[in-house]
Amino acid sequence: MRWQQKLTKEELQHLHETGANSLEEVRENVLYQSKNRFPCWECVKIGRKLGISVELTAFHDQPKP
């Protein structure tokens with residue numbers, strides 16, 4: 001099964017809007033999102049759906065109140 005077949009039309013459209021047209025570009029995008037303070041949750045969800053392990057490390061760097 002191709003990776004695109006695992007996604008909905010809306011998810012594929014979202015990836016197209018972000019410029020991620022190959023699985024490698026999706027992986028790079030998801031890993032980039034994992035470092036953002038305000039990640040794109042749609043990208044993270046898509047990555048997890050495709051089996052890309054994502055740990056949102058930006059939250060680990062937050063100062064304690």
Side-chain angles (χ1 to χ4, degrees):
M1 174 183 284
R2 293 173 41 127
W3 65 270
Q4 293 97 333
Q5 294 173 321
K6 296 179 181 180
L7 303 177
T8 66
K9 184 178 178 181
E10 290 80 19
E11 291 168 334
L12 290 170
Q13 178 65 33
H14 180 76
L15 291 178
H16 180 71
E17 291 169 0
T18 65
N21 297 310
S22 70
L23 185 55
E24 186 58 34
E25 290 173 333
V26 172
R27 186 179 326 280
E28 289 173 8
N29 183 15
V30 170
L31 294 177
Y32 174 76
Q33 294 301 326
S34 72
K35 297 175 181 123
N36 281 342
R37 183 171 179 178
F38 300 105
C40 172
W41 293 107
E42 187 68 19
C43 290
V44 171
K45 183 182 99 174
I46 291 169
R48 287 181 175 159
K49 193 172 184 180
L50 293 174
I52 300 169
S53 179
V54 182
E55 182 179 347
L56 301 175
T57 57
F59 293 112
H60 297 257
D61 298 333
Q62 298 293 323
K64 302 290 183 210

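Given the structure is predicted, the values throughout are model-derived calculations rather than measurements.
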Residues 8-15 side chain polar contacts: donor-acceptor under 3.5 Å, at least two apart:
unit_1	atom_1	unit_2	atom_2	d
T8	OG1	E11	N	3.1
T8	OG1	E11	OE1	3.4
E11	OE1	T8	N	2.8
E11	OE1	K49	NZ	2.9
E11	OE2	K49	NZ	3.3
Q13	NE2	E17	OE2	3.3

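Between N21 and W3, the closest heavy-atom pair is O-CZ2, 3.8 Å. In this structure, Q33 and C40 approach most closely via the heavy-atom pair OE1-N, 2.7 Å. Minimum interatomic distance between S53 and L31 (heavy atoms only, all atoms of both residues): O-CD2, 4.2 Å.
Distance CG/L50 to CD/Q4: 9.0 Å, rounded to 0.5 Å.
Residues Y32 and V26 fall into different hydrophobic clusters, defined by Ile, Leu, Val, Met, Phe, Trp and Tyr side chains chained together at heavy-atom separations under 4.5 Å.
Judged by distance alone, the side chains of N29 and E25 never bring a donor and an acceptor atom under 3.5 Å apart.
For V54, the side chain to side chain contact (heavy atoms under 4.5 Å, CB included) partners are V30, S34, V44, R48, I52, L56, not counting sequence neighbours. For E28, there are no side-chain hydrogen bond (donor to acceptor under 3.5 Å, both in side chains) partners at least two apart in sequence or on another chain. Considering only residues two or more places apart in sequence or on other chains, R27 meets the salt bridge (Lys or Arg N to Asp or Glu O under 4.0 Å) condition with E24.
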